[in-house]
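So the structure is just underneath, and the comments pick up after that.
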Amino acid sequence: MALLELRNVELSFRGPKLFDGVDFRIDPGERVCLIGRNGTGKTTLLRLIQGTVEPDEGEVVQSQGVRTTLLTQEVPRDLLGSVFDVVAEGLGEPGKLLTDYHHATQALSEATDPKDQREAHRRLDHLTERLESEDGWTVHHRVESILTQTELDPEARVENLSAGMKRRVLFARALAGSPDLLLLDEPTNHLDIASVAWMETFLTRYEGTLLFVTHDRMLLQKLATRIVDLDRGRLTSYACDYATYLTRKEANLKAEAQQQALFDKRLAAEEVWIRKGILARRTRNEGRVRALKEMRNQRAQRREIVGQVRIQNVEADRSGRLVIEAKKASFAYDDGRPIIQNFSTKITRGDRIGIIGPNGSGKSTLLRMLLAQTEPTDGSIRHGTNTEISYFDQLQEQLDGEKTVRENVSPGTDNLMVGGRKKHVLGYLQDFLFTPEQAEAPAKRLSGGEHNRLLLARLFTKPSNVLVMDEPTNDLDIETLELLEELLLDYQGTLLLVSHDRAFLNNVVTSTLALEGDGLVKEYAGGYDDWLLQSKASEEPVATAQPTKKAKEAKKPKSQADPSAPRRLTYKEKLELEKLPEQIETLEAEVASIHTTMGDPDFYQQSREKIAEVTAVLKQKEAELAEVYARWEELEA
């Protein structure tokens, strides 16, 4: 039985319908990813399911007693109190009782006056009785369990936490209410790589039902059991992985384009017929005339595909071979806390460098130091010749919210020089999917994704041979992300990129600077996956050359092997290792076959029992495949 169903839902806010006769259902245990272009209504759909938005037509039907919780993109600015208190709020009234008990315990520990102590004791005794009578200790244990699972300090003050940790607290609060359906709107947005990896691992093990929106393609690929595409007010379900979805989506769009071309051809022929009939003053076939009117109506109601962003970078003359050189550069605040220590590197023309590290580790500081916007407290930074730098700022300080979109891109003039050609600013903004109405509206009205698109539009009006981008991927939809990737891959200049998007780093950069704490910056070849492998390898224990230790080891009998050293495979294990690739290939083929079966629209016309049976087989095969992969990695190591 479905947890939730949308039946013929329609909704609009001035303009084309966000949802035009939408039907949708989600079953227990599913992990559904909702994807679509910026502004298509993904967040609105989550709010509609949550119940904070009402449809214009149709209905949202939930099963009896279903609890739904929404984790929004935004972190509330008024989030105050201890982590324990904020997480307990997710329990409703029982959570308020826990919070009162928590405060009473704290008040008793802080009371020094005997009168205050007696009053605190009375209040604590009263709350203890209530907890015991209302099964409050079970609820208390649940909050503590969630705090343990989410690795949060219950006594920490939320207002003192980083934005990433605040999002983790809100995530824990959402879990506290034991929702049957957990709605997540961009759960990894603005998280650092370590937090994204933690979130991914947690959600992969989560046994509840998920409906989530994300632009993180690695999270989507690993987590989703089904993808639902929101396009021009309609929902289309794809029971497959992301790579297969892309192929099927392209095929569907191609088929749609062919059907529309055939329809337009028929409509044009009928328009010729009606005109000739009028000129000849013949008696018209009224049925054919009515059919023509209906065709005209259908053509008028057609919603065209949202265009793609057309990004064109204006490259300046080539820089010198050397772009930036750092020699033992360090930076520390006045309190002496080191941010960057003894950092040396040489960046040459054409390098594409990713910069990663935890939130607050100093990535933006490192960028500003390399760009000579911040002076190092020690060491030196030298720039090469003929460098033209364009800087994408994650804090969006370059935009004036009170000015219009067009004024932010082209102040004081209607024309721009793009790629050596003059172009009107409104036409240029349309390349970035801004309508003429949006171009004349204040920039402060834009959504997060539109804000970043405007920054990109402004950035690419300026010639450059060094691109510096600090978190350019936040809030961008997946299609724009992939187009930006293509642009950066074709860029002939030098790129410095701060990003927490793992797939973006893998696809774009050729080397990585990792901030590893205490001011240490290490350089690795390749992107995120390469950094992950190399950093893990560097953490493996290395034997030290201490004579005393060697002497001790020399006294050991030869039969006593060093437990830390890798052992040889047994004959049985060697045979097992040889057979594993064949097992993997067989299981992958079986999984792919089931995905193909489930991707057929007729598959969902069968009984629920049959669908559940095939889904269970798929989960079993995927689990077997994961186990075989794990065993293969174990024996290979």
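Counting from 1, the numbers follow the sequence of the chain as shown.
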Do [X] and [Y] have side chains that get closer than 4.5 Å, going by heavy atoms?
{"X": "Val468", "Y": "Leu367", "result": "yes"}
{"X": "Phe212", "Y": "Leu71", "result": "no"}
{"X": "Gln492", "Y": "Arg318", "result": "no"}
{"X": "Val213", "Y": "Leu184", "result": "no"}
{"X": "Leu46", "Y": "Thr72", "result": "no"}
{"X": "Leu513", "Y": "Lys522", "result": "no"}

As an exercise, state the distance from [atom1] of [X] to [atom2] of [Y], rounded to the nearest 0.5 Å.
{"X": "Leu223", "Y": "Met199", "atom1": "CG", "atom2": "CE", "result": "10.5 Å"}
{"X": "Leu532", "Y": "Ile193", "atom1": "CG", "atom2": "CD1", "result": "9.0 Å"}
{"X": "Leu456", "Y": "Met469", "atom1": "CG", "atom2": "CE", "result": "5.0 Å"}
{"X": "Leu505", "Y": "Thr512", "atom1": "CG", "atom2": "OG1", "result": "6.5 Å"}
{"X": "Asp501", "Y": "His215", "atom1": "CG", "atom2": "NE2", "result": "5.5 Å"}
{"X": "Leu183", "Y": "Leu70", "atom1": "CG", "atom2": "CG", "result": "5.5 Å"}

State, to 0.1 Å, how close [X] and [Y] come at their nearest heavy-atom pair, and which atoms those are.
{"X": "Asn465", "Y": "Tyr491", "value": "C-OH, 3.0 Å"}
{"X": "Ile340", "Y": "Gly362", "value": "CD1-O, 4.2 Å"}
{"X": "Ile381", "Y": "Pro376", "value": "CG1-CG, 4.1 Å"}
{"X": "Pro76", "Y": "Leu170", "value": "CD-CD1, 3.7 Å"}
{"X": "Thr473", "Y": "Ser499", "value": "OG1-OG, 3.8 Å"}
{"X": "Leu484", "Y": "Pro472", "value": "CD2-CB, 4.4 Å"}

Next item on the list: Answer yes or no for Arg453 and Phe434: cation-pi contact, defined as NZ/CZ to six-membered ring centre under 6.0 Å and angle to ring axis within 45°.
Entry: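 Satisfied, under 6.0 Å and within 45°.
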Notebook entry, point to check: Among all residues two or more places apart in sequence or in another chain, which pass the salt bridge (Lys or Arg N to Asp or Glu O under 4.0 Å) test with Glu402?
Noted result: Lys444
Please list, chain by chain and in numerical order, all residues satisfying side chain to side chain contact (heavy atoms under 4.5 Å, CB included) with [X], sequence neighbours excluded.
{"X": "Ala174", "answer": "Thr69, Leu182"}
{"X": "Arg167", "answer": "Val75, Leu191"}
{"X": "Asp241", "answer": "Gln221, Ala243, Thr244"}
{"X": "Thr225", "answer": "Glu30, Arg31"}

Short side-chain to backbone donor-acceptor contact, [X] and [Y], under 3.5 Å:
{"X": "Ser330", "Y": "Thr377", "result": "no"}
{"X": "Ser145", "Y": "His141", "result": "no"}
{"X": "Ser464", "Y": "Leu467", "result": "no"}
{"X": "Tyr528", "Y": "Asn507", "result": "no"}
{"X": "Asp490", "Y": "Leu487", "result": "no"}
{"X": "His383", "Y": "Leu370", "result": "yes"}
{"X": "Asn408", "Y": "Thr404", "result": "yes"}
{"X": "Tyr428", "Y": "Ala457", "result": "yes"}
{"X": "Glu200", "Y": "Lys222", "result": "no"}
{"X": "Gln534", "Y": "Asp530", "result": "yes"}

Any salt bridge (charged side-chain N to carboxylate O under 4.0 Å, His left out) pairs touching [range], not counting sequence neighbours?
{"range": "residues 140-149", "answer": "none"}
{"range": "residues 145-156", "answer": "Glu151-Arg168"}
{"range": "residues 376-386", "answer": "Glu325-Arg382"}

Note to self: Quick test of your reading: applying side-chain hydrogen bond (donor to acceptor under 3.5 Å, both in side chains), list the pairs with at least one residue in residues 343-359, sequence neighbours left out, ordered by first then second residue.
What the structure shows: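 Non-adjacent pairs meeting side-chain hydrogen bond (donor to acceptor under 3.5 Å, both in side chains): Thr345-Glu523, Thr348-Asp351.
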Ring pair (Phe, Tyr, Trp, His ring centres under 6.0 Å) partners of [range], not counting sequence neighbours, each pair once:
{"range": "residues 145-171", "answer": "Phe171-Phe202"}
{"range": "residues 333-356", "answer": "Phe331-Tyr333"}
{"range": "residues 69-91", "answer": "Phe84-His102, Phe84-His140"}

Notebook entry, point to check: Hey, mind stepping through Ser364 and Asp470 against side-chain hydrogen bond (donor to acceptor under 3.5 Å, both in side chains) and telling me if it holds?
Noted result: CA-CA 7 Å; Ser364 297; Asp470 193 353; 2.8 Å; yes
Note to self: Are more than 12 heavy atoms, taken from residues, nucleotides or ligands other than Gln149, located less than 6.0 Å from that residue's CD atom?
What the structure shows: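 Correct, the count exceeds 12.
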Check: Does a sphere of radius 6.0 Å around CG in Asp518 hold more than 12 heavy atoms from other residues, nucleotides or ligands, not counting ones at 6.0 Å or beyond?
Finding: no
Notebook entry, point to check: Taking 4.0 angstrom as the limit, do Lys42 and Glu186 come out as a salt bridge?
Noted result: no
